[in-house]
Each structure stands twice: as C-alpha cells, then as structure tokens.
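Remarks on the structure that follows.
Numbers here simply count residues along the sequence, with the first being 1. Only heavy atoms go into these numbers, but all of them, side chains included; no hydrogens, no water, no symmetry mates.
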Amino acid sequence: MEINNYSSRNIQSQSRKKFRFDWILTVILLLALFLYGWQIWKAGSANAFYTAAIKSMTESFSNFWYGSFDPAGYITVDKPPVALWFMAISAKIFGLHGWSIVLPSVLFGVGSIYLMHRLVAPYFGKNAGRLAALAMTITPIVVADSRTNNMDATLVFFLLLALWFLEKAIVQKKAWAPIVSFSLIGIAFNVKMLQAFMILPAMYLFYWLAANENWKQKVKKLILATVGLAVFTLAYPVSVDLTPASQRPYVGGSETNSELELAFGYNGTERLLGQTTGTGGTFGAGMTSKSQSKSTGMPGNGKIPTGTKNAIKKGENGKATMPTGTPGGQKGRQNMGAGGAFDIGTIGPFRLFQSSLGPQISWLLPFAITGLIGSFTYYHDRKKRWYSLSHEQKQLVLWTGWLVPVYGFFSVASFFHPYYTIMLAPPIAALFGIGTVSLTRLFKDNTRTSWKFYLFPIAILATAALQAWYVYSYYPWLTWLILGITIIASLLLFIFPKNNASKISMVVATITILIAPGWWSLTPTLSAESAMIPTAGPSLLSTSSSGPGGGMSSSKVNTKLLNYLEKHQGNAKYLFATSDSTTSAPYIIKTGKAVMAMGGFNGTDPAITLPQFKKLVKNGDLKYFYYSGRSGNTKIINWIKKHATKVKSSLYQDSSSKQQFGGFGTSTSKGSTNKPEYSKKSATTPNVPKGMGNGKNMPGKGVPSKIKQSTSSKSAAKTGNKQSTKKSQTAMPTGMGGMGSSGTLYDLSTIYK
C-alpha cells in the first residue's frame with residue numbers, strides 16, 4: 001500500500017513552486033461567493049441588534065471602540081466588538097446598507113473556504129483539499145451564518161487562519177509563527193469570547209506531536225505562544241474594565257459592568273450550564289431524555305424560571321412560542337429545520353444527529369467519522385510501531401482534536417442557538433475531504449476479505465440513511481432517490497470492485513450524498529435570508545414574510561410614533577427610552593438618534609438605577625419612555641407608571657396597524673416646540689408580568705399565569721411531524737413587545753414640573 005508521506009521539506013518545496021491556477025478550487029470559491037453573497041442587497045437590517053450598534057459605532061470613535069449599541073454610548077452589545085469593527089468600517093466606507101454590513105461576513109466566509117483548502121491539500125492532495133472546501137461551502141449553517149452580520153463567520157475565519165500559521169510554525173520552525181497563531185486565537189476570543197478557546201487543546205497537542213524539535217524548544221515556543229494568547233485575549237477586556245464606568249458604556253449582558261465577567265459568565269459557563277444572566281433567570285435549553293417526557297418542549301424541563309424576562313408561550317404541540325419582539329424572530333418564523341431559536345434537541349451523545357440540529361450541520365458527519373477511522377488506518381506507516389504517528393496522522397489529530405471537544409460541548413451544553421454549530425463545519429469538512437480520498441484508496445487496495453474494503457460503502461450508506469431521514473419531511477421522493485442510488489452504487493461496488501464500474505459508482509455515490517446538503521445550503525440564498533437567528537432549509541422558501549431581511553420580528557418603525565417623538569424631543573439627549581434593544585434598535589437604525597435600551601438586549605441588564613434614571617429625567621435628557629410590554633427594571637417602570645403622564649394614544653398609535661420597516665433612511669420630520677396634548681386615561685397600561693427582569697432589581701416572581709396558545713402551534717400539532725417541520729413551529733404572535741398598538745408612551749417631562 002503506497003502512502004503519500006509529506007515531510008516538512010516536501011511541503012516547503014511545494015510552497016516554493018510557481019503558482020498554478022486551480023480552476024476547480026476557483027469554481028468552488030465562486031460557488032461560495034454566490035451562496036454567501038447573492039441577494040445580500042436585500043438583507044434589510046439583518047440582525048437589527050448589531051445593525052443598530054454598527055450605526056452607532058460610525059458616529060464616534062468611542063462608540064466604535066466599545067461597540068456601543070446606541071449613539072449616546074449608554075450600553076454595549078453583549079459581545080466584544082472586533083467583528084463589528086469590520087462591519088462598521090464597511091458601513092463607514094460604503095454607507096449603512098444591508099449589503100455593506102453583511103459584506104465582511106461574506107468575505108470572511110469565502111476566505112474560510114480558501115483556508116480550508118490550504119490546510120488540507122498540502123498533506124492529503126489536491127482532491128482532498130477540494131472536497132474539504134466544497135463540503136464546507138455547502139454546509140447549510142455556514143451559508144446562513146455567512147449571510148448575516150452575526151460574528152460566527154468572522155470567528156471561524158480567524159480560527160482557520162490561526163491553524164494556517166500553526167502549520168507554518170511546524171514547517172518553517174520560526175519562533176514568530178506559533179506566537180502569531182495563538183495570538184490570533186486571542187483576537188478570536190474578542191470576536192465571540194470563550195467559543196474561540198474550544199480548539200486550543202487541539203492546537204497544543206498538534207504542535208507537540210508534529211513539531212520536529214526537541215522538547216525544550218517545543219516548551220519554549222509554546223510558552224511564548226501562550227504569552228501571545230494571553231496578551232491578545234486580555235488586552236481589550238482588561239482595558240475596558242480598567243476604564244472608569246462613567247467614561248464608557250455599560251457592558252451589555254454583564255451583571256457587574258465587566259467585560260471579563262461577560263466573557264466567563266454570560267458568554268462562558270452559562271452557555272454550558274444554562275443562562276442565569278441576560279435572560280433574567282436560569283434558561284437551560286438542553287433536556288435529558290428522561291426529563292423531556294415531562295417537558296413542555298421548552299428548555300429547562302419546561303419550567304419557566306423565576307424572574308425570566310420573556311413570557312414564553314406553550315403551544316399544543318409542546319413547542320415554545322415566543323412573544324412578538326422576542327430576540328430571534330425573523331420574518332415571523334423560528335424554524336431551525338425542525339424547531340426554533342431555542343430548540344437544540346435532547347442532551348446526549350447523538351444530539352447533533354437529531355432533527356433539531358442535524359439539518360444545519362450534520363449531513364456529512366457519518367462519512368466524516370468513518371473517514372477518520374479509515375484515514376488513520378490508511379496513513380499508518382507499517383514500518384513503525386502502532387503508536388508512532390505518520391505526518392498525515394498528526395494532521396488527523398488536529399482535526400479530531402477540534403471535532404471531539406466541540407462535539408462534546410454541543411452534546412451537553414444547556415444554552416446555545418443552532419447556528420453556533422458552524423464551529424463543527426471545518427473539522428467535518430476536512431475529515432470528509434480526507435476521508436473520501438483515503439476510503440476510496442482502501443477500497444481499491446483491499447479485497448472482500450478485509451474489513452477496510454467495506455469502509456467506503458458503510459460511510460456512503462450511513463450518510464445516505466441519515467440524509468434520507470432529514471429530507472423525508474419535505475421531499476419523500478428525494479428520500480427514496482438518495483437511498484436507491486446509494487444502495488445500487490454500493491451493490492455495484494461489491495459486484496465489480498476492481499473495474500471502471502466501481503470508479504463510476506464511487507463518484508455517483510459521493511455526488512448523491514452532496515445533493516441534499518447542497519439544496520439546503522441554497523435555500524438561504526434563494527430566499528435572500530439574512531436573519532438574526534440564521535438558519536437554512538426549505539421552510540425559508542415556503543414561509544410567507546413581510547420582506548427579506550428584517551432581523552427581528554419587531555424591526556418595524558411606527559412612523560406616527562416617530563414623528564411625534566421627533567417633534568417633541570426638543571433638547572433632550574435621548575429620543576426616548578424603552579426596556580430593551582428589540583424595541584429600540586429599528587429607531588436607532590432609521591434615525592441615528594440616541595434611544596435608550598434601559599436593560600440592554602433583553603431588558604434585564606442592571607445598567608441603570610432608579611436614582612440615575614430620575615437624574616436624567618430631571619436634567620431634561622430624557623422626556624419619553626415607551627412601555628412595550630417587554631421586561632425591564634421593575635422599580636423604574638413602576639415609578640414611571642406612578643408619576644409620568646400617559647400620552648394620548650391617538651397621537652402616536654397607528655390605528656391601521658401599518659408600520660414601516662426599519663430601514664436605513666434618516667427621518668425627515670423636524671423637531672417642534674409645540675406643546676403636546678395629554679390624557680391620563682387615554683391609554684391602557686399593559687400589566688407587567690411578575691418576575692420580569694434579572695432578579696436583582698425586580699422583586700416579582702413568576703410569569704403570567706394565563707398564556708394563550710399560538711395558532712401555528714395548534715396547526716403543527718394537528719398535522720403531525722411532517723407538517724411541523726415544514727412550517728414554522730415557533731410562532732411570533734402579536735400583542736407583546738415591539739412598537740405596536742399595544743404599547744404605551746409616557747411623558748416624563750411632566751414629573752418635575
């Protein structure tokens with residue numbers, strides 16, 4: 001059995017060869033550019049939470065540096081700003097448009113495909129590199145993430161770039177290369193925090209195994225690399241935490257106004273154990289099989305925790321129904337392939353194969369796992385002992401070291417969104433490309449008497465079976481097509497193992513298992529999807545919507561309300577205040593004016609106290625508060641209800657319920673000093689559900705006792721699993737959150753008159 005062993009000298013000589021145009025790789029990169037970039041000009045406000053921040057960040061350097069959500073620099077987004085920096089720069093150059101804020105993600109996505117090829121091809125050949133690049137290109141969640149202004153595509157690019165420099169460190173033996181590699185992980189930390197550290201064990205292990213140096217040199221370089229990691233990881237959060245709170249925005253998502261606490265709390269341990277901050281209560285999204293039988297279908301065994309911010313509705317089918325304006329709404333749908341923004345399946349070793357997550361990421365996972373086994377076997381050097389690893393096997397350790405811990409995290413984690421699984425796309429793609437080459441060679445080099453002969457057919461059939469299950473809810477005919485072709489191809493391999501028919505059968509079988517994920521990956525492109533909660537699947541093509549993009553279900557501007565507020569703002573610093581970013585984001589995007597999201601993303605951050613709020617009102621910096629029914633600081637809201645004056649609803653509520661989408665234009669209405677009219681009985685104040693808030697500044701407990709069932713949940717329950725996967729199962733009913741007709745506008749300026 002001939003093995004292509006690539007030594008460091010071989011790789012160096014390859015890198016010095018004259019550049020040769022690879023038209024197949026070029027086609028794959030063009031395919032990626034099409035999938036990620038086509039129709040991004042219809043992106044609308046994409047993720048309106050981040051778009052509002054990008055708008056604010058273009059207003060001043062301070063806002064840019066801290067990632068301020070609002071132009072006044074009151075509070076930041078709940079992630080570090082590095083990814084947003086690229087988007088803000090793009091918006092500054094091209095203007096604030098849907099395509100300009102998504103463009104960096106598109107470019108990082110395409111860049112990741114190129115890096116995937118560069119990481120695989122030098123060690124396993126061009127075909128393996130091309131197949132790995134193609135597999136990642138058509139991974140559905142990669143396409144969906146690369147079409148938004150979320151951080152995930154940026155994160156993956158920096159992780160792959162770090163691996164590329166690590167490879168250079170091993171080949172060139174330069175001390176600077178591992179420092180750069182690990183420093184890039186530090187930068188990635190400031191893209192999405194601890195998520196970037198998931199591949200660090202693989203990097204340390206790989207360098208130790210693959211570097212052709214004595215142990216003293218390895219230790220020295222790894223220490224220097226770790227110093228670089230620490231410096232680039234901590235430089236930004238420490239600088240933020242050391243800046244006096246009065247001179248910077250409040251750190252959104254944190255409980256103590258600390259960037260480090262945000263990293264290790266809300267964006268760290270709470271993702272694994274379940275959220276206790278930012279959501280107002282423990283929000284464990286994973287379920288064990290035992291607890292699931294008693295669950296409502298909602299995370300945390302169906303129990304809505306004390307103090308939780310959102311009134312979460314339960315449908316007849318047991319799925320969660322989020323109120324209008326709930327983060328994660330997009331075009332009125334929440335379908336993640338079989339669930340919703342918070343449907344991440346049942347905790348366990350096979351969670352990633354379940355219908356909640358699988359259709360986004362796991363199409364080629366069975367083949368990748370089988371390919372890993374076959375590749376370790378194929379690339380073993382028989383001249384050495386079994387525990388001695390060849391250079392190719394060490395490369396496999398790198399990808400396995402990425403796959404296993406990340407797979408483990410998603411198998412047991414209690415709170416994450418399905419689109420986070422993009423973290424698994426690179427190792428699955430790499431192992432698919434490598435595995436395809438090694439399994440075909442094992443098939444050719446062995447006879448029916450060897451177990452290695454059966455690995456390729458097993459990989460094909462296992463992958464086809466999983467895909468057939470995924471597609472059945474949408475296209476039963478495709479299920480039988482996939483199974484039929486792969487079964488026939490496998491039979492031909494057994495009957496004619498050593499002739500041209502076997503080659504054709506292997507090619508046909510491989511193409512067949514790429515059809516379904518390829519179609520799933522095309523759906524975000526065809527539907528012009530650019531969502532706050534990215535997803536892929538045929539439901540995007542069948543679900544009615546109010547227009548492409550949108551980002552949040554409540555990303556609409558009440559033009560009548562906006563005109564009223566601008567007319568009476570006067571010299572106030574803020575156009576108005578509200579509890580959360582979902583309500584305020586569209587107005588920041590449209591006007592570029594300061595709108596206070598009092599409690600940050602979910603309305604539960606303890607960013608301001610009642611005395612501080614009173615001071616803003618007394619000084620005339622804040623004249624209006626819009627209560628949308630969302631959670632917020634109970635003390636402040638109760639004080640407003642008690643002392644402020646309700647504005648007559650007919651002055652700001654649109655009786656036709658027609659609201660303008662929160663685009664990027666600037667409002668043309670001008671301010672006025674006209675005296676407003678008031679009526680203390682003109683509007684009905686929505687009741688604040690007890691317990692809304694973060695538990696620190698809100699004494700109430702529990703949630704509303706009577707919660708209506710959503711229409712979509714009822715229909716899903718009646719039509720069964722097939723229909724429920726085709727249609728959105730997590731409906732976004734109206735009447736709570738956002739800037740609709742149910743909200744109440746309070747005039748605060750009358751309090752101290």
Side-chain angles (χ1 to χ4, degrees), residues 70 72 74 325 554 557-588 591 593-600 603 607-655 659 671-689 692-693 697-698 700 735-753:
D70 58 283
Y74 164 73
S554 61
V557 169
N558 183 331
T559 304
K560 190 173 182 180
L561 172 65
L562 176 59
N563 291 338
Y564 180 87
L565 291 169
E566 289 189 318
K567 182 178 180 181
H568 300 98
Q569 180 181 3
N571 296 322
K573 181 179 181 180
Y574 294 95
L575 181 64
F576 68 95
T578 189
S579 294
D580 63 287
S581 65
T582 305
T583 307
S584 56
Y587 291 82
I588 294 175
T591 68
K593 293 187 176 184
V595 179
M596 177 187 287
M598 190 169 64
I608 191 170
T609 63
L610 179 57
Q612 291 171 333
F613 189 85
K614 288 180 178 179
K615 185 177 180 180
L616 287 175
V617 175
K618 191 171 185 179
N619 292 341
D621 292 326
L622 182 60
K623 292 180 62 177
Y624 293 98
F625 179 84
Y626 186 86
Y627 179 68
S628 62
R630 293 293 304 276
S631 59
N633 188 311
T634 302
K635 290 182 180 179
I636 294 178
I637 292 176
N638 288 341
W639 179 79
I640 292 171
K641 288 182 176 182
K642 183 176 181 180
H643 299 284
T645 307
K646 296 177 185 176
V647 179
K648 189 176 180 181
S649 61
S650 61
L651 297 176
Y652 64 89
Q653 289 181 357
D654 191 346
S655 58
Q659 296 177 335
S672 173
T673 56
N674 293 345
K675 185 177 179 180
E677 299 180 63
Y678 304 106
S679 173
K680 291 190 176 183
K681 298 182 179 180
S682 61
T684 303
T685 306
N687 295 326
V688 183
M692 281 188 167
N697 50 9
M698 299 179 186
M736 184 176 182
M739 303 297 281
S741 60
S742 63
T744 305
L745 182 66
Y746 290 89
D747 181 8
L748 307 176
S749 64
T750 60
I751 295 177
Y752 290 104
K753 283 187 177 180

Rounded to the nearest 0.5 Å, how far apart are [atom1] of [X] and [atom2] of [Y]?
X	Y	atom1	atom2	value
Leu610	Ile637	CG	CD1	11.5 Å
Lys648	Tyr564	NZ	OH	11.0 Å
Lys560	Ser649	NZ	OG	8.5 Å
Thr591	Leu565	OG1	CG	10.0 Å
His643	Lys614	NE2	NZ	6.5 Å
Ile636	Gln612	CD1	CD	8.5 Å

Q: Fit a plane to each ring of Tyr627 and Phe625, take the angle between them on a 0 to 90° scale, and name the class: parallel (under 30°), tilted (30 to 60°) or perpendicular (over 60°).
A: parallel
Q: Evaluate the ring planes of Tyr587 and Phe576, with Trp represented by its six-membered ring, and classify them as parallel (under 30°), tilted (30 to 60°) or perpendicular (over 60°).
A: perpendicular
Are any of the side-chain heavy atoms of [X] and [Y] separated by less than 4.5 Å?
X	Y	answer
Asp747	Tyr624	yes
Leu562	Leu575	yes
Thr744	Lys646	yes
Leu616	Met596	yes

Q: Check Ala597 against Tyr74 and note the closest heavy-atom contact, atom names and distance.
A: O-CE2, 3.2 Å
Q. Hey, mind stepping through Phe613 and Val617 against side-chain contact (heavy atoms from CB on, under 4.5 Å) and telling me if it holds?
A. CA-CA 6 Å; Phe613 189 85; Val617 175; 3.9 Å; yes
Q: Please identify each residue that fulfils side-chain contact (heavy atoms from CB on, under 4.5 Å) with Ala72, with sequence neighbours left out.
A: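 Scan of Ala72 (side-chain contact (heavy atoms from CB on, under 4.5 Å), adjacent residues dropped) gives Asp70, Lys573, Tyr574, Ala594.
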Q) Any luck finding a side-chain donor-acceptor pair between Ser584 and Thr578 under 3.5 Å? A) no
Q) Between the side chains of Asp580 and Thr583, does any donor sit under 3.5 Å from an acceptor? A) yes
Kindly say whether [Y] contributes a backbone atom to a donor-acceptor pair with the side chain of [X] at under 3.5 angstrom?
X	Y	result
Glu566	Asn563	no
Lys623	His568	yes
Tyr626	Tyr746	no
Asn633	Lys635	yes
Lys618	Ile751	no

